[in-house]
Amino acid sequence: MPWFTYRDGLLCAEGVPLARIAAEVGTPAYVYSTAALTDRYASLAEAFAGLPVLIAYAMKANANLALLRHLGSLGAGADVVSGGELQLALKAGIAPSKIIFAGVGKTRDEMRQALQAGNTGIAQFNVESEPELQMLSEVAAGLGVRAPVAIRINPDVDAKTHRKITTGKAENKFGISYRRALDVYAEAAALPGISVTGVHVHIGSQLTDLAPYEDTFIRLAELVTALRGAGHDIRRIDLGGGLGIRYDDETPPDPKLYADLVRRHIAPLGCEIALEPGRYLVGNAGLLLTRVTYVKPAEAKTFLILDAGMNDLIRPAMYEAYHRIVPVKEPVSGAETAPVDIVGPVCETGDTFAEGRPMPPVEQGELLAILSAGAYSSAMASMYNARPLAPEVMVHGDRFAITRRRPSIEDMTALETLPAWFSEAKA
Ligand code: LLP
């Protein structure tokens, strides 16, 4: 990752030594590289050059406003999954015409918000079930508008990724079985307030193999032909996200090869194409900067106890996810490594970032960087153990800015109120 490299023996984010950020912002802290975001976006846009494509960033991966604003300025739209995300996307300046609303549980209220966003409403609702179609129809008809709809098809394809992030198998809660698609499209076409113009699919996340995509695209192209045959005017195809990144030694697909598949199977249909990449755009654009609070030699092994915990980055605890962890001070070349357990301060055994990880000698007080922490990291953080959310820093060349500060205890309790009876005089 050229954006996070050692310079003069110190790990830097672009031109900024991470030690400087630690000194000014404290740790733990998330650090994002603007250049990395630009590079990832450009590489995807380039791969799809010449095709009518909207890159709708799946902002669930990281909804930091500055990061959103930057991706938006490059041309990205947004794939949102809640009213909250919708508001953030609008706040970051993303046009409603570039916003797609996904998710299995949209509420009436969220539908209303999306239909009224800007003066135009959003570009597309990705509808996941028949009851949702009914509700959207009622809400849109009630407002006197038509909701542009793509129906999410569950192609029953195995994405060959972690069980918890596989979404395109028949047993998953997502979408409508492709076998029932013709019936559901017919039903949708008869509903007031609905304009069915698209097909959506998303089979899973962190895909490192293109074969499941190809199977899906072939199935999707057949379906679009069948739907057109049945009289539906299908003009948009949303291919979802899922492109994997390198955390360890994976070889994720080159976006150019992914785009080739789209050119081969989808482009001939002559539709507008939407993509919903999350992790690909931001995953390797961020790291979690942390300090070793203690080096604890124990009977069975040695623990590095960090000031970052599972509340800051839950992926290892939740998916046994691997994140590279490197010292900020460059290890001397040929330094011997020894296995250590790298853990957080939270009172749970699951608060473990790595077990038996070979590391060069690390001392108490040293800074470490947990890499590939731009996606589903800060976004999934909590204040468990009353730990403040880690601040977020954005680097741009040799400058950096705090884009979300660390909350104070007042911030953390700002939503709480003590019931009046606590202060009432005892009878
Ligand atoms: N579109 C839809 C409908 C999705 O459900 C998702 C991710 C995406 C797009 C973006 O997928 P991506 O390009 O980022 O793979 N928390 C997990 C990942 C959950 C993914 C949820 N859906 C993790 O940390 O690995």
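Computed from a prediction, not measured in an experiment: that's the story for all the values here. Atoms within each ligand, like the ligands themselves, are counted from 1 in listed order.
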Ligand-side contact atoms (ligand 1) for residue partner [X], heavy atom cut-off under 4.0 Å:
X	result
Glu276	1 (N), 2 (C), 3 (C), 8 (C), 9 (C), 10 (C), 13 (O)
Arg279	12 (P), 13 (O), 14 (O), 18 (C), 23 (C), 25 (O)
Gly241	9 (C), 13 (O)
Pro277	13 (O)
Gly278	12 (P), 13 (O), 14 (O)
Met380	16 (N)

Considering non-hydrogen atoms of the protein only, which is the closest contact for [atom], and what is the distance?
atom	answer
atom 19 (C) of ligand 1	Ile165 CG2, 3.6 Å
atom 17 (C) of ligand 1	Tyr319 OH, 3.1 Å
atom 8 (C) of ligand 1	His202 CE1, 3.4 Å
atom 15 (O) of ligand 1	Ser205 OG, 2.4 Å
atom 24 (O) of ligand 1	Arg315 NE, 2.6 Å
atom 21 (C) of ligand 1	Lys60 CD, 3.8 Å

- Heavy-atom pair of closest approach, residues Gly75 and Lys98: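 Nearest pair, atom of Gly75 first, then Lys98: O-NZ, 3.1 Å.
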
- Message: Just to be sure I'm reading this right: ignoring hydrogens, which of Ala102, Gly242, Ala58 gets closest to atom 12 (P) of ligand 1? Compare them by their nearest heavy atoms.
- Response: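 Minimum heavy-atom distance to atom 12 (P) of ligand 1 goes to Gly242.
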
- Item | Option whose closest heavy atom lies nearest to atom 11 (O) of ligand 1, chosen from Tyr280, Tyr57, Tyr376 |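 The residue whose heavy atom sits nearest atom 11 (O) of ligand 1 is Tyr376.
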
Ion pair present between [X] and [Y], side-chain N to carboxylate O less than 4.0 angstrom?
X	Y	value
Asp248	Arg324	no
Asp233	Arg235	yes
Asp79	Lys60	yes
Arg264	Glu214	yes
Asp307	Arg291	no

- With under 30° as parallel and over 60° as perpendicular, where do the rings of Tyr30 and Tyr32 fit, or are they tilted in between?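 It falls in the parallel class, under 30°.
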
- Query: Heavy-atom count around Arg399 CZ within 6.0 Å, excluding the residue itself: above 12?
  - Reply: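 Not buried by this count: 12 neighbours or fewer within 6.0 Å.
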
- Side chain, backbone, both or neither: which part of Asp79 has a heavy atom under 4.0 Å from ligand 1?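 The side chain, only.
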
- When the ring centroid of His323 is compared with that of Phe353, is the distance short of 6.0 Å?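 No, the ring of His323 stays outside the 6.0 Å limit from the ring of Phe353, centre to centre.
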
- Considering residues at least two apart in sequence or located in another chain, which fulfil the salt bridge (Lys or Arg N to Asp or Glu O under 4.0 Å) criterion with Glu132?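 With sequence neighbours excluded, Glu132 shows a salt bridge (Lys or Arg N to Asp or Glu O under 4.0 Å) to Lys106, given in chain and number order.
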
- For Arg152, is the nearest heavy atom under 4.0 Å from an atom of ligand 1?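 A heavy atom of Arg152 does come that close to ligand 1.
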
